[in-house]
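Notes follow once the structure below has been shown.
Whatever order the structure lists ligands and atoms in, that order sets their numbers, starting from 1.
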Amino acid sequence: MILCANPSAQFKSYQAEIEEAVLAVMRGDRYVLGDEVAALEQDFAEYIGTTSAIGVANGTDAIELALRALDVGYGDEVITVSHTAVATIAAIEATGAKAVIVDIEPHFFTLQPSQLTNALTTNTKAIIAVHIYGQSADLNSISIFCKKNKIFLIEDVSQAHGAKYNGKRLGSIGDIGCFSCYPTKNLGAIGDAGLITTNNKKLSKKIRMLREYGWDKRISIYPGRNSRLDELQAAILRVKLRHLDSDNSKRNKLANHYIAELFDSSIVMPKTRDESTHVYHLFVVQVSNRNELMNHLKRKNILAGIHYPTPTHLQPAYLNRLTTSIDMKVTEKLADRILSLPIYPELSIKDAQKVVEALKCFNKN
Ligand SMILES: *Cc1c(COP(=O)(O)O)cnc(C)c1O
C-alpha cells in the first residue's frame, strides 16, 4: 500500500536518534517545559531566523495564543481563507473574534490579495496568511496591505516548515509565525506539538505567559490557559529539525519526478511562486474526474487524499456564519478538483513511479 503521508516511516529512518533522545528525557527529572523545550525553542528560532520561538501544545493553540498576544478578541475581525485546515478558523473564533474569509488565487491556492480591500472594516485587527501545501502566500502584497491599514500579519506556517520567501524563512516575515508539528507535517512530533516565532521581544514574553495560565513568576498577569509543550515531543522535534532541510529536498525530488512524468497529461500540476521555495507538504494536482481516479488508484493500492473536500465555510459548524459579500468562486471550484498524491521523504522514486504509471493508465482509458 502506498500511503499519502507516512509518519511511521519517518520514525524508522531516525529511530536510533529518536529512541536515545526519548530515553534521556524519561530518565531525567523534568517532563514538561524543561531543557529540551528551551533548547528546541533556541534551535528553531535560529533555523527560522527570528529572535525567539515559543513551544506550545499544538498548531491551533499557536494561532490562538498569537492572536491573544496581539489583543485580538471580542468585537475584532481577522481576515483569512476558507481554503485551509479548519484549525485556522477555529483558532480565530476561540479568541472571540470573528473570522472573515476571502477567496484564493487559482494557481497557488493562497489568499487572493485583491479581495482584502472589500473584506476590511474598522474592526479588522489582523490577517492570517496561510502558506498552504508547502509554499508561501503572496506575502509582499499582503504585508503592504497590513502596513497601510495598520493591522497585524500572522503567518500560518503549519504546512511550510523550512520554505523561504525572497530568501527568508516563512514565519520570520509577519509579526508572528505559527507552526503545527502534528505527526504528518514536514516537521512532525510523535504526538501533538506547536511552535510560535517572532522578532518582537514583548510579544514573545507575553506568549510565554499566555501558554501557562498567564503566569509571570507564578502570578497570573493575563487570563491564560494551559498550552504547554512536553519534553518528549521537544526532544523528538530537535532530532527531526536536524533533518528537516534534507527531508524537504527529498520531497522536492519526488515532486520534480511527478512534474517531469506528468506534465503533458490532462492532470494539472502545482505551480511554485517565483518568490517562494516549495517544501511540498502536499503534492496537490487538479483533475476533472476525481472520484473515479481515486477509486482507480485505490485498486492499485495507492491512497490519494483530498485537502480539503469541503471548504470551511460550507461545513455544518460554519455554514452561513463566515460568508462575506465576497464570492468564493475559486475556493468552491477547486474543492471538487484537488487531489493530493502520495508524498513524504521516505517514499521511494520507484513507488512514485508506480503512482505515475497508475495515473497514466487511467488517462488512457
Ligand atoms: C495542521 C494545521 C493547523 C492545525 O494544527 P494542529 O496542530 O492540528 O492544531 C493549522 N493550520 C494549518 C494550515 C494546518 O495545516
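Ring centroid separation for the pair His83 and Tyr133 comes in under the 6.0 Å cut-off.
The neighbour count for Gln353 CD, taken as heavy atoms of other residues, nucleotides or ligands under 6.0 Å away, is above 12.
Interface of Gly59 with ligand 1, defined as ligand atoms under 4.0 Å from a residue heavy atom, comprises 5 (O), 6 (P), 7 (O), 9 (O). Atoms of ligand 1 found under 4.0 Å from any heavy atom of Thr88 (numbered from 1 in listed order, with element): 11 (N). Near Ala87, meaning under 4.0 Å from one of its heavy atoms, ligand 1 places the atoms 3 (C), 4 (C), 10 (C). Taking every heavy atom of Thr84 and a limit of under 4.0 angstrom, the matching atoms of ligand 1 come to 13 (C).
Evaluated for a side-chain contact (heavy atoms from CB on, under 4.5 Å) with Leu203, the options Ile54, Ile196, Thr198 yield exactly one hit, Thr198.
With a 4.0 Å cut-off on non-hydrogen atoms, Val130 touches ligand 1 through its side chain and not its backbone.
By the 3.5 Å distance cut-off applied to N or O atoms, Ser180 is counted among the residues near ligand 1.
Given atom 9 (O) of ligand 1, the protein heavy atom at minimum distance is Thr60 OG1, 2.5 Å. Nearest protein neighbour of atom 2 (C) of ligand 1, counting heavy atoms only, is Lys185 NZ, 2.6 Å.
Relative to the ring axis of Tyr47, Arg169 places its NZ or CZ within 45° and under 6.0 Å from the centre. Judged by a 6.0 Å distance limit and a 45° cone about the ring axis, Arg273 is positioned over the six-membered ring of Phe108.
Ring orientation note: the planes of Phe44 and Phe179 are nearly perpendicular, at an angle over 60° on the 30°/60° scale. Classification of the Tyr280-His278 ring pair by plane angle, with boundaries at 30° and 60°, yields parallel.
Ranked by closest heavy atom to atom 11 (N) of ligand 1, the top entry among Val56, Thr80, Asp156, Ile132 is Asp156.
Within the 4.0 Å heavy-atom shell around ligand 1 one does not find His281.
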